[in-house]
Amino acid sequence: MEQEAKEHKLASAGTFCPIKECQLYAQVDEGNIIKFGKSKQGVQRYRCKSCATTFSATRGTLFYRKHAPPKDILETLALLAEGVRISSLSRAKGFKEDTILGWLREAARHSEAVQEALMGHYEVSKAQVDGLWAYVGNKGQKGAIAKRGRMPGNSGAAP
Ligand SMILES: [Zn+2]
């Protein structure tokens with residue numbers, strides 16, 4: 001069943017080819033990705049039938065949306081991370097500021113996966129990615145720490 005109501009969702013690794021040079025780069029559900037065993041660490045590996053590259057499930061997660069190709073979304077987020085203003089991006093890319101903010105919020109909800117994708121595909125630093133999350137009020141990595149600290153009665157126990 002199609003989830004038309006969802007504006008954008010993450011495409012998980014194994015549904016698209018993360019290789020920029022590939023003909024099917026970032027094309028979701030084209031049937032070009034097959035499972036290809038597991039790494040020593042037990043991470044699922046995949047192979048793209050189009051470019052014959054193998055990659056692991058940690059190689060990136062993209063989100064996709066009906067009206068914007070994943071690479072546009074990621075590229076926009078990368079530029080944002082580099083300090084380009086949303087208003088400028090909106091004009092340059094032709095997406096509404098609200099649309100871009102929506103991507104950013106969705107990205108922040110999947111901060112680890114998106115960070116992986118941004119740092120893997122673009123020249124974006126960790127600090128710049130953190131800046132992105134700060135932009136939408138998500139603490140990013142700090143949020144992950146807070147999650148750990150949420151254990152009741154366990155705060156302050158860390159060394
Ligand atoms: Zn490929």
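Note that the structure is predicted; figures quoted are calculated from it, not measured. Start at 1 and go down the list; that is how both ligands and their atoms are numbered.
Cation-pi geometry between Lys49 and Phe36 is not satisfied (NZ or CZ under 6.0 Å from the ring centre, within 45° of the ring normal).
Distance CD1/Ile73 to CZ/Phe95: 7.0 Å, rounded to 0.5 Å.
Placement of Ile19 and Ile34 in two distinct hydrophobic clusters is found when ILVMFWY residues are connected by side-chain heavy-atom separations under 4.5 Å, directly or transitively.
Every residue meeting the side-chain contact (heavy atoms from CB on, under 4.5 Å) condition with Lys35, not counting sequence neighbours, appears here in chain and number order: Gln44, Tyr46.
Looking only at protein N/O/S atoms, the ones less than 2.8 Å from the Zn ion (ligand 1) make 4 in total.
By the neighbour-count criterion of 12 heavy atoms within 6.0 Å, atom CD of Glu82 is densely surrounded, having more than that number from other residues, nucleotides or ligands.
For the pair Ser56 (side chain) and Arg45 (backbone), a donor-acceptor distance under 3.5 Å is absent.
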